[in-house]
Protein chains: 2
Amino acid sequence: MGKILDERSERVLLAVIKSYIENPDPVGSRYVTKKYDFHYSPATIRNIMADLEDLGFLSQPHTSAGRVPTDKAYRYYVENIIDEKKDYKELLETLYNKIRSGVEDMDTLLDETSRTLSSISKYLGLAVSPGPEGSVLRKIEFVPYKDDRIAVVILTDEGVIRHKIIKNELALNPSELSRISNYLNKEYKGYTIKQIREHLAEELRRDKAMYDNMINRSLSLCREALYTYGSHVFITGLSQMLDLPEFSDIERIKRISKTIEDKRAIITLIDRIMDSEGVQVIIGTENPVSDMKELSVIVSTYKEKGRPSGVIGIIGPKRMDYSTVISLVDSASRILTKLFEEGG
Amino acid sequence: MGKILDERSERVLLAVIKSYIENPDPVGSRYVTKKYDFHYSPATIRNIMADLEDLGFLSQPHTSAGRVPTDKAYRYYVENIIDEKKDYKELLETLYNKIRSGVEDMDTLLDETSRTLSSISKYLGLAVSPGPEGSVLRKIEFVPYKDDRIAVVILTDEGVIRHKIIKNELALNPSELSRISNYLNKEYKGYTIKQIREHLAEELRRDKAMYDNMINRSLSLCREALYTYGSHVFITGLSQMLDLPEFSDIERIKRISKTIEDKRAIITLIDRIMDSEGVQVIIGTENPVSDMKELSVIVSTYKEKGRPSGVIGIIGPKRMDYSTVISLVDSASRILTKLFEEGG
DNA sequence: ATTAGCACTCTCATGTGAGGAGTGCTAACG
DNA sequence: CGTTAGCACTCCTCACATGAGAGTGCTAAT
């Protein structure tokens with residue numbers, strides 16, 4: 001959407017949006033003139049607002065109420081008006097130190113990040129760990145557990161640790177397991193989980209004949225180990241966000257808590273985003289997830305070795321402080337990316 | 001609280017409670033006579049209800065409304081009236097199969113259990129993994145990770161797997177790490193995490209002098225590895241529970257979502273419970289956690305080797321179907337316990 | 001001891017009307 | 001011609017009143 005509004009209309013639109021973000025009441029013409037110091041009369045502003053309504057930027061809850069920004073208005077705002085980049089020095093420090101000192105694994109770190117984002121923004125913090133495409137295997141270990149069980153531990157370059165218990169159906173003994181570990185590490189280190197899965201599928205199809213040799217055992221064990229590997233989703237801060245006045249509607253709260261519980265919807269949403277660079281803004285009805293059409297989502301990928309691996313972001317009401325939130329998410333993703341550069 | 005009510009009063013109390021559980025409207029005398037087929041007139045019932053109110057079992061929202069059961073009434077109900085034990089065959093099967101086939105680790109299993117409890121009861125499902133006192137070390141492994149990092153993997157008899165990344169400050173090489181793993185496994189297998197922690201603290205205090213021998217390295221590494229070991233709490237099903245009419249109050253919803261987010265409060269609550277046998281019922285104000293005073297909590301410990309290790313349960317409104325929920329929680333905890341018996 | 005009768009209380013839904021905020025339109029103004 | 005004052009109009013909100021209904025407590029009769 002280009003910058004199709006003239007200077008004056010844009011200023012009015014901006015005033016309405018800012019006012020509405022500050023306080024979710026429909027904005028009247030008189031209020032705009034006073035609060036934002038226009039040298040026009042309310043009548044003039046009314047004309048402009050009527051035009052903006054015709055263009056689809058504003059709407060009225062009812063005839064004699066003020067105006068409210070539409071999704072289109074927020075979109076315009078985000079694309080054409082926002083400029084100021086706030087810098088989150090303290091955030092940077094907090095997160096940065098947390099990790100450098102604590103030496104946590106990826107999931108803990110992401111949970112922490114989500115909480116930080118939430119507590120600063122007062123909205124929902126979101127963090128998604130790298131999925132199979134974004135996770136590069138560093139090490140896989142098979143540890144004998146109970147009699148017929150094996151614990152598999154998977155370590156990735158990104159710092160994700162995953163574990164799983166699988167059955168020891170072939171009754172492999174510890175030294176065999178250790179040999180398998182070695183073999184797989186040598187063979188697959190440096191490949192993404194997805195690549196490995198695909199390669200495994202192919203190998204296993206080809207070598208079906210020689211069922212019980214060591215390589216084949218390794219491969220099928222590995223396949224089972226990687227089978228459930230997927231993104232983890234961290235969403236935090238619901239109780240805090242409920243303090244906002246727009247969440248005095250119970251049906252809305254229900255929809256939101258449903259959204260939070262349905263991690264799969266989030267993951268499919270995130271998958272669409274992984275291709276694009278930088279901070280992404282999804283406003284209201286732009287969101288394919290139906291229960292999120294009254295929310296806005298600000299996300300950004302964080303990178304490992306220049307390749308986007310996971311996503312962090314903020315979920316809040318459409319009426320959110322976009323400029324702050326956008327730079328917040330941007331800062332946070334840069335911090336994570338930077339951490340990987342030096343920590344890797 | 002003994003059975004201090006006469007037969008007739010008890011029947012009336014039961015009627016009020018049942019009616020209120022079905023439908024959260026104050027219960028009137030006329031309604032009781034009709035619905036529950038008493039051969040007394042409303043006036044008589046009124047007298048009885050007035051007595052019950054004097055005794056603290058019922059209360060009136062306002063003068064000319066019907067009566068509502070108090071916490072004391074629910075308590076009496078739970079202790080003296082409930083008898084029917086429902087059997088959750090299907091639940092048993094579902095959970096049972098899930099585990100036997102899937103071979104999951106404890107945390108996954110508990111999350112699953114919590115979800116199952118929630119989806120059957122329509123309330124919140126709760127599950128808490130064994131804490132340091134209830135977890136018996138089966139195996140601890142140190143896996144070299146990145147240059148200066150070690151991944152620690154802890155396996156317990158209960159099926160809990162935990163991992164953690166720690167710094168390799170002493171620059172131990174792989175074979176040293178493996179020696180340390182072996183040493184610790186030999187030394188500490190079969191002890192609870194708590195016991196090990198205590199023993200470590202003592203050992204390290206005593207051997208402070210000989211700082212850099214192998215044993216001491218092992219011990220301090222181990223201490224760091226076990227430092228963060230704690231219970232995990234799984235609470236699920238909020239959006240579902242919000243459908244109940246009593247949660248049309250937003251302040252209440254906020255309190256509940258705060259409760260869910262504050263895992264520590266839950267853990268301290270659970271700690272108090274671990275000592276007791278069987279299903280425990282905490283009704284409303286009996287709960288020390290202030291944000292849970294309008295809820296009831298039904299919990300039971302599950303056991304491993306006859307020793308209670310963790311807790312599962314259901315959190316719901318005080319007006320809950322106690323008899324169903326109690327037997328549900330009871331069944332579930334038996335299933336888990338049974339699984340450990342054979343699976344261990 | 002139980003019950004019918006009755007006055008009383010309180011809530012809740014409904015309706016009404018004043019007040020207010022904001023609009024759109026028109027006509028006048030610079 | 002853009003801008004503005006004026007004004008009628010719309011619609012929401014809130015306070016208040018009102019009546020129906022549900023349920024009570026009390027008393028007197030059974």
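Residue numbers start from 1 in every chain, and the chains themselves are labelled A, B, ... in the order their sequence lines are given, proteins ahead of strands. Worth knowing before you read on, the calculation uses all heavy atoms, side chains too, and leaves out hydrogens, waters and symmetry mates. These numbers come from a predicted model, not from an experiment.
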Any side-chain donor near an acceptor of the partner, A/Thr236 and A/Ser114, under 3.5 Å:
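Note: A/Thr236 and A/Ser114 side chains meet the donor-acceptor criterion.
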
Tell me yes or no: between the side chains of A/Glu53 and A/Ser59, is some donor less than 3.5 Å from an acceptor?
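Per modelled atom types, A/Glu53 and A/Ser59 side chains form no pair under 3.5 Å.
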
Between A/Ser300 (side chain only) and A/Val329 (backbone N and O only), is there a donor and an acceptor less than 3.5 Å apart?
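It does not hold such a pair.
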
If only atom types and distance count, is the side chain of A/Ser323 paired as donor or acceptor with the main-chain N or O of A/Ile82 below 3.5 Å?
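Side chain of A/Ser323 to backbone of A/Ile82, a donor-acceptor pair under 3.5 Å: no, none is there.
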
Taking [atom1] from [X] and [atom2] from [N], how many angstroms apart are they, rounded to a whole number?
X	N	atom1	atom2	answer
B/His62	D/dG21	NE2	P	17 Å
A/Ile45	D/dG2	CD1	P	16 Å
B/Ile48	D/dC26	CD1	P	16 Å
B/Asp54	D/dT24	CG	C1'	14 Å
A/Arg30	D/dT4	CZ	P	14 Å
B/Leu52	D/dT24	CG	P	12 Å
A/Met49	C/dG24	CE	C1'	13 Å
A/Tyr40	C/dG30	OH	P	18 Å

Can you identify which nucleotide, out of [options], has its nearest atom closest to the [X] side chain?
X	options	result
A/Thr44	C/dG24, C/dT2, D/dT4	D/dT4
B/Asn47	C/dT3, D/dG25, D/dT3	C/dT3
B/Ala43	D/dT24, D/dT4, C/dA4	C/dA4
B/Ser29	D/dT24, C/dA4, C/dG24	D/dT24
B/Ser64	C/dT9, C/dC6, C/dG24	C/dT9

Side-chain N or O of [X] versus OP1/OP2 of [N]: is the shortest distance under 4.0 Å?
X	N	value
A/Ser41	D/dT3	no
A/Arg67	C/dT23	yes
A/Thr63	C/dG22	no
A/Arg46	D/dT4	no

For A/Lys258, give me all partners under side chain to side chain contact (heavy atoms under 4.5 Å, CB included), at least two apart in sequence or on another chain.
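Only A/Asp291, B/Ser239 meet the side chain to side chain contact (heavy atoms under 4.5 Å, CB included) criterion with A/Lys258.
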
Determine the contact category for B/Tyr31: base if any of its heavy atoms lies under 4.0 Å from a base atom, sugar-phosphate if only primed atoms, P, OP1 or OP2 are that close, otherwise nothing.
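The answer is nothing, as B/Tyr31 stays clear of every strand by at least 4.0 Å.
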
Earlier contact from the 5' end, DNA chain C, for B/Pro42 and B/Pro61
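With B/Pro61 and B/Pro42 compared, the 5'-side residue is B/Pro42.
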
